[in-house]
Structures are given as structure tokens and as C-alpha cells.
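What follows is a short report on a single structure.
The figures that follow rest on heavy atoms only: side chains count, while hydrogens, waters and symmetry mates do not. Here, residue 1 is the first one in the sequence, and each next residue gets the next number. Remember, predicted model here, so these are calculated numbers, not experimental data.
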Amino acid sequence: MGGLGRGARMKANEAIVEVRDLVYAIAGRRVLDGLTFSIPRGSCFGVMGMSGTGKSTLLKNLMGLVRPTAGDIIIDGVSIVGLSERELTAVRRKMGMCFQYAALFDSMTVADNVAFGLRRHTTLSEEEIRAEVTAALQRVGMAGTEDLYPAQLSGGMRKRVGIARALVLKPEIMLYDEPSAGLDPITTAVLDQYIASLSREAGMTSVIVTHEVEELFALCDLVMMIHQGHIVAIDTPEALRESSDPLVRQFVEGQPEGPIAV
Ligand SMILES: Nc1ncnc2c1ncn2[C@@H]1O[C@H](COP(=O)(O)OP(=O)(O)O)[C@@H](O)[C@H]1O
Ligand SMILES: [Mg+2]
């Protein structure tokens, strides 16, 4: 599958996300220490790095859930750094987040979970909402589960409902934080098929964060490696496999010995 066909949609220099000199410090430590990169519109962009290296923190900065210590983040041409909460809400509507833990409401049915954002943010009728919910569930292979409760679903199914809940709001950017965390390999492969098919849909940009190298390489057009708050490399999976950078090599090959001390 790889990136075939998607490259054509990645118009040169057209970035939907631009990050400039991003610093994020917490408890006196620079978790992100000067990141500059851009994400091409329509691409599938991966972020890899060791646990605790700031991947989730980066996503929270992109979503405007936390404020950078310094630097700029431009989403679809709008700098989000100085925005008020109200202004941020409009930008956040462009982004759908699939959290590491599916974070569904246990007391609500699948349909009500998926409908949640639509009821909150739109004036659609209940009939229209039902149609949108059904369509979003179909796109992640979960048609017919509307009346089930999260407790009746497997981990992989809950993740897919979580994706449907984000999709229903028609985001331009889908952000996935460790989508396959806690899933077995087969369930992961199924989930990745849905992520890949969504990321090939015209116009949608996907950002996937994980320490699972092979998963990222299979899904992404471009992958950025971060380590100790810095960008080590941004390149295609093919180029990263051939990289002579010792940090990249150790990470990609999963070697216990090397410059990355655990
Ligand atoms: N709210 C917080 N308070 C203190 N430290 C934090 C907080 N959020 C993140 N960190 C620290 O920032 C670092 C990066 O965390 P995180 O972004 O979750 O890493 P990753 O997602 O790559 O595993 C970790 O060392 C973590 O301890
Ligand atoms: Mg994380």
C-alpha cells in the first residue's frame, strides 16, 4: 500500500501545519526544545521517538490543549499561539483526535458517543445526526453497532468508534496518539487498514504518533524522529531505513545498544 498515489496530493510547499522553534517546558524541563517542521496538506505524517520523548506533548500543542513556552504553531494559515480559548475552538474544529485510550463515555451507546460532538457543535436535526453517525461508523467498519455500549466492544472496536467520533465532525487533520497501544497484532493490522484508507481520502491530513516503527513506516509518507526534545530526522520511510544517523539506526533497528540509552 505504502504512499502510492498520496504523493500526488502533497502539493509542494503547501503546509497545513507549520511549527517554528517550538519550545514546551514543564517543571523546569524543556520537553520540546526548538522544533521546526511542516506537515504537507493531504499527507500522512508520522512522529516516532522513545517513550517520554514528548510525542503526546507535541500533539497537545498542535491541538492547542496546552500553550507553547515559545515558538509558533500555524494551523491552516492561522497562528494559534496567541488565540483566545474561543478562537481556538474554531481552529480545533479542523482537527480530530484519536486518543491513546479510546476515551469513550461508558454510559452512552456507540451512537450517542459518535453523535456527541455533532449535538454539541452543530444544529443538525436528530435525523441528520443519525445519518452522519451511521456513515462515520461505516467508514471504520463498525456499521450496526449503534446500540451497543463501549463495555460490549473489544479494544480495537472501541478505538474505531473513537475514530468515528472524530470523523463525524469532518476534520481536515486527524491526529492519532499511539493508535495501536494495547492491541494485538491482528487487531492493529485491521485498525491500520482503516487509518490508511481514511488518510488516502482526498484532502485529509493524518498525523500519527507512536513508537511502533513498522506501523509508522507502513502508513506514512513522511516520518519525523524526535529525541530528547529535538528533531533527529524528517524523511520518507525508505530514506530513514537507509539512514546513517546512529540515533535513527538504533531506533529503526530496535537495537538495545547505541547512542540512545534506556
Ligand atoms: N503535565 C506534566 N507534568 C510534568 N511532566 C510532564 C507533563 N506532561 C508531560 N510531562 C513530561 O514530558 C515528557 C514527555 O511526555 P510525553 O509527551 O507524554 O511523551 P511520549 O508521548 O513521547 O511518551 C515526559 O518526560 C513527561 O514526564
Ligand atoms: Mg505519549
Side-chain angles (χ1 to χ4, degrees), residues 9-11 13-24 26 32 35-45 47 54-100 102-105 108 111-133 135-137 139-140 161-177 179 195 198-199 201-209 224:
R9 287 196 287 106
M10 292 167 50
K11 290 185 212 138
N13 300 324
E14 210 209 320
I16 189 159
V17 176
E18 277 187 68
V19 174
R20 295 185 191 143
D21 299 317
L22 173 64
V23 175
Y24 184 78
I26 189 149
L32 305 174
L35 306 189
T36 297
F37 64 95
S38 55
I39 301 179
R41 189 182 295 274
S43 68
C44 185
F45 187 88
V47 181
K55 303 181 298 297
S56 296
T57 304
L58 175 60
L59 285 188
K60 285 181 201 154
N61 276 272
L62 296 183
M63 288 282 288
L65 298 174
V66 298
R67 303 271 180 179
T69 306
D72 204 359
I73 298 171
I74 297 150
I75 306 284
D76 209 10
V78 176
S79 170
I80 65 167
V81 166
L83 296 186
S84 67
E85 265 310 304
R86 234 185 101 209
E87 293 166 323
L88 259 179
T89 305
V91 180
R92 268 193 214 120
R93 284 288 307 277
K94 297 180 190 221
M95 293 185 268
M97 176 88 177
C98 174
F99 292 96
Q100 179 161 356
L104 301 178
F105 299 109
M108 290 184 191
D112 286 337
N113 266 284
V114 176
F116 188 79
L118 287 177
R119 293 200 173 116
R120 217 174 150 155
H121 296 296
T122 72
T123 54
L124 294 181
S125 69
E126 274 304 306
E127 197 180 334
E128 289 165 323
I129 287 175
R130 245 193 323 275
E132 294 289 340
V133 166
L137 285 171
R139 284 163 80 193
V140 293
V161 172
I163 295 172
R165 188 176 56 179
L167 277 181
V168 84
L169 290 165
K170 305 192 166 41
E172 290 177 43
I173 310 173
M174 272 294 292
L175 306 168
Y176 301 90
D177 194 359
I195 294 175
L198 292 171
S199 87
E201 287 183 17
M204 183 119 92
T205 305
S206 306
V207 182
I208 305 174
V209 163
M224 173 167 82

Say you draw a straight line from CG of Leu137 to CG of Leu167; how long is it, rounded to the nearest 0.5 Å?
9.5 Å
Verify, without hydrogens or angle tests, whether Arg20 (side chain) and Gly71 (backbone) share a donor-acceptor contact under 3.5 angstrom.
no
Which residues share a salt bridge (charged side-chain N to carboxylate O under 4.0 Å, His left out) with Asp177, sequence neighbours left out:
none
Who pairs with Asp76 by salt bridge (charged side-chain N to carboxylate O under 4.0 Å, His left out), at least two apart in sequence or on another chain?
Arg41, Lys94
Apply the test side chain to side chain contact (heavy atoms under 4.5 Å, CB included) to residues Met224 and Leu58: give CA-CA distance (whole Å), side-chain angles for both, the deciding distance (0.1 Å), then the verdict.
CA-CA 12 Å; Met224 173 167 82; Leu58 175 60; 3.8 Å; yes
Between Thr205 (side chain) and Gly42 (backbone), is there a donor-acceptor pair under 3.5 Å?
yes
So, do Ile39 and Ile173 sit near enough that their side-chain heavy atoms are less than 4.5 Å apart?
no
Kindly write out the residues that satisfy salt bridge (charged side-chain N to carboxylate O under 4.0 Å, His left out) with Glu128, not counting sequence neighbours, or none if the list is empty.
none
Is the shortest side-chain heavy-atom distance between Met95 and Pro171 below 4.5 Å?
no
Cationic N near anionic O, under 4.0 Å, Glu132 to Arg119:
no
Could you pull out all residues at least two apart from Arg93 that satisfy side chain to side chain donor-acceptor pair (under 3.5 Å)?
none
Would Leu118 and Leu169 count as a side chain to side chain contact (heavy atoms under 4.5 Å, CB included) if you check the C-alpha gap in whole Å, the side-chain angles of each, and the deciding distance to 0.1 Å?
CA-CA 7 Å; Leu118 287 177; Leu169 290 165; 3.9 Å; yes
Is there a side-chain contact between Leu88 and Ile80 (heavy atoms, below 4.5 Å)?
yes
Side chains of Pro68 and Val81 in contact at under 4.5 Å (non-hydrogen atoms):
yes
Side-chain heavy-atom pair Val66, Ile26 within 4.5 angstrom cut-off
no
Does any non-hydrogen side-chain atom of Met174 lie less than 4.5 Å from one of Leu198?
no
Mind running side chain to side chain contact (heavy atoms under 4.5 Å, CB included) on Asn61 and Val19 for me, showing each step along the way?
CA-CA 10 Å; Asn61 276 272; Val19 174; over 6 Å; no
Would you please name every residue forming a ring-ring contact (aromatic ring centres under 6.0 Å, His included) with Phe37, sequence neighbours left out?
Phe45
Just to verify, what does Arg130 make a side chain to side chain contact (heavy atoms under 4.5 Å, CB included) with, not counting sequence neighbours?
Glu127
Are side-chain heavy atoms of Glu85 and Arg92 found at a separation under 4.5 Å?
yes
Sub-4.5 Å side-chain heavy-atom contact between Leu35 and Tyr24:
no
